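From a predicted model like this one, the values you see are computed outputs, not experimental measurements. Below, read A as the first sequence line, B as the second, and so on, with proteins coming before strands; counting in each chain starts at 1.
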Number of protein chains: 2
Amino acid sequence: MSTVRGARERARIEVTAAIKDEARRMLAAEGAAKLSLRAVARELGMVSSALYRYFPSRDELLTALIVDAYDSVGAAAEEADARARAAGAPPRARWAEVCGAFRAWALAHPHEYSLIYGSPVPGYSAPLDTVGPAARAANALIGIVRAAHQGRGIALPPLPAALRAEAERMTADFAEGLPPEVTAALVAAWGQLVGLVSCEVFGQFNRVVEDRDAFFAHAAGQLGHAVGLPSV
Amino acid sequence: MSTVRGARERARIEVTAAIKDEARRMLAAEGAAKLSLRAVARELGMVSSALYRYFPSRDELLTALIVDAYDSVGAAAEEADARARAAGAPPRARWAEVCGAFRAWALAHPHEYSLIYGSPVPGYSAPLDTVGPAARAANALIGIVRAAHQGRGIALPPLPAALRAEAERMTADFAEGLPPEVTAALVAAWGQLVGLVSCEVFGQFNRVVEDRDAFFAHAAGQLGHAVGLPSV
DNA sequence: CCAAATAGAGAGCAGTGCTCTTGTTTTGGT
DNA sequence: ACCAAAACAAGAGCACTGCTCTCTATTTGG
């Protein structure tokens with residue numbers, strides 16, 4: 001299925017990858033605003049119009065980078081969890097590791113983080129191609145909570161009536177098997193985790209939090225508590 | 001001190017305001033990426049170079065809009081709190097109102113929200129002029145917790161040793177009088193609130209959360225609980 | 001082997017931020 | 001009241017952007 005038919009096809013794959021690599025380099029160096037097709041083409045020794053054979057617009061290139069970024073952060077989260085699980089870590093520790101890996105990835109790739117969790121840059125774009133990869137990091141957290149629930153069970157206070165149906169729908173959609181209260185707490189915790197990391201990456205904590213490592217570790221631990229993970 | 005000296009000075013103030021108004025209109029309509037000095041100038045019937053007499057660069061204009069946006073969201077938060085307090089609402093209800101006002105402002109002004117809580121758009125910029133206005137909304141929440149603490153007192157579990165000094169420093173810096181545990185929880189709650197709202201505004205909850213009102217109300221209530229506000 | 005598909009190059013359009021120069025108007029001190 | 005100085009507006013221009021179009025060379029598959 002993925003057999004490369006000829007030299008042309010092979011070249012196309014290589015050039016496409018080279019474009020993305022160069023674009024990612026510029027993104028990391030200067031941010032999405034300064035990423036220009038012409039500069040990428042120039043750096044690759046081609047003319048800008050030739051680049052449109054590979055990406056029909058700047059936004060499509062950005063979308064490709066977005067998908068890659070989601071995959072990258074998702075992989076980082078999954079690897080952190082795999083390591084923790086291999087070391088026999090309890091759910092709470094796995095949770096902390098995954099949150100920490102998410103934050104570390106964001107701090108190491110601030111511009112890519114901005115691209116996916118910051119303001120949507122290119123008009124809008126990127127609705128459907130990205131939902132799969134986007135879920136990877138969150139799914140790592142869901143997996144931890146699911147494991148903990150299948151272990152000794154998780155119990156949280158009942159939800160307000162207004163949220164019960166919605167929580168059951170969410171559970172059926174992407175967290176099958178969890179109690180609805182846990183699903184709701186999990187989604188909230190995900191949003192809150194993104195907030196903590198965004199505040200740090202985007203500078204909202206600049207003259208506020210100094211010891212960011214300690215602060216985040218504690219806050220992430222609290223999030224683990226909020227979704228019902230046992231304390232040790 | 002604010003006496004306008006002559007016709008020229010008056011005109012300058014008016015033109016400056018007109019530029020900001022038009023820029024804000026375009027920002028709200030199309031987003032920061034599509035905001036162009038030339039378009040603003042064109043709409044105002046002036047030539048683009050003339051605009052540089054009022055704002056030395058596009059980034060400076062954006063910074064001015066950022067400051068205004070911080071003020072706007074801060075005012076919305078303060079007004080919501082004032083209304084709730086006038087109605088004799090307990091701290092927990094005031095907290096919910098302010099969180100709700102923050103979210104409502106964000107949903108009503110998504111592009112301005114992106115400007116201040118999304119990725120920093122123009123290179124970087126905007127470090128010092130903005131810290132004052134930026135704190136208004138957060139200060140509203142601090143005020144609520146302070147009032148609750150001075151009322152019946154707030155007690156939270158002790159902090160891990162690694163965070164104690166940092167929490168005391170933060171308390172001294174901007175939350176004088178609160179227990180350090182509460183300060184730490186407050187800062188975390190602020191980041192988490194920003195995360196919940198950002199996820200909603202930036203579309204991270206798109207195929208995830210449907211009943212956003214109910215979900216946010218519950219999550220904001222949990223944040224109120226996390227900072228130690230009594231349950232009713 | 002040759003028509004069709006594909007890739008690249010170059011020119012060009014409309015738009016951008018920003019600078020510099022050239023006149024014009026308002027201001028404030030003498 | 002006058003006049004230099006300051007502030008302002010306008011226009012031309014530079015270097016850049018995304019994107020389209022046309023033209024030519026190359027590779028492909030029937």
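Using a 4.0 Å heavy-atom distance criterion, B/Phe55 is classed as making no nucleic acid contact. Contact annotation for B/Leu35: backbone-only contact, meaning every heavy-atom pair under 4.0 Å involves sugar-phosphate atoms and none involves a base.
Rounded to a whole Å, the CE atom of B/Met26 is 10 Å from the P atom of C/dG17. Straight-line distance from the CG atom of B/Leu37 to the C1' atom of C/dG15: 13 Å, rounded to whole Å. Atom CZ of A/Arg12 and atom P of C/dA5 are 15 Å apart (whole Å). Summarising the geometry, the separation between NZ on A/Lys34 and C1' on D/dG18 is reported as 16 Å, rounded to the nearest angstrom. Put simply, OH on B/Tyr54 is 18 Å from C1' on C/dC18, counting in whole angstrom units.
Distances shorter than 4.0 Å separate some side-chain N or O of B/Arg42 from OP1 or OP2 on C/dT16.
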Quiz prompt | Derivation of the salt bridge (charged side-chain N to carboxylate O under 4.0 Å, His left out) call for A/Arg83 and A/Glu97 | solution = CA-CA 9 Å; A/Arg83 273 195 306 275; A/Glu97 285 299 320; 5.8 Å; no
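B/Phe102 has its ring centre less than 6.0 Å from the ring centre of B/Trp190.
Rounded to the nearest 0.5 angstrom, A/His111 NE2 and A/Lys34 NZ are separated by 10.5 Å.
Annotation: side chain of A/Trp95 is in contact with side chain of A/Val145 (closest heavy-atom distance under 4.5 Å).
With distances taken from any side-chain atom of A/Val47 to the nucleotides C/dA9, D/dC8, D/dG18, the minimum falls on C/dA9. When the nucleotides C/dA7, D/dC8, C/dG17 are ranked by their closest atom to the side chain of B/Ser36, C/dG17 comes out on top.
Using a 4.0 Å cut-off between a side-chain N of Lys or Arg and a carboxylate O of Asp or Glu, B/Asp21 and B/Arg25 do not qualify as a salt bridge. A/Arg169 has a carboxylate O that lies under 4.0 Å from a charged side-chain N of A/Glu166, or vice versa, which qualifies the two as a salt bridge.
Using modelled atom types, one finds a donor on one side chain and an acceptor on the other under 3.5 Å when comparing B/Ser198 with B/Tyr113.
One donor-acceptor pair, N or O on each side, does fall under 3.5 Å between the base of C/dG17 and the side chain of B/Arg38.
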Practice problem: Treat primed atoms plus P, OP1 and OP2 as sugar-phosphate and everything else as base, then score nucleotides 20-26 of chain D 5' to 3': B for base contact with protein heavy atoms under 4.0 Å, S for sugar-phosphate contact only, - for none. | Solution: BB----B
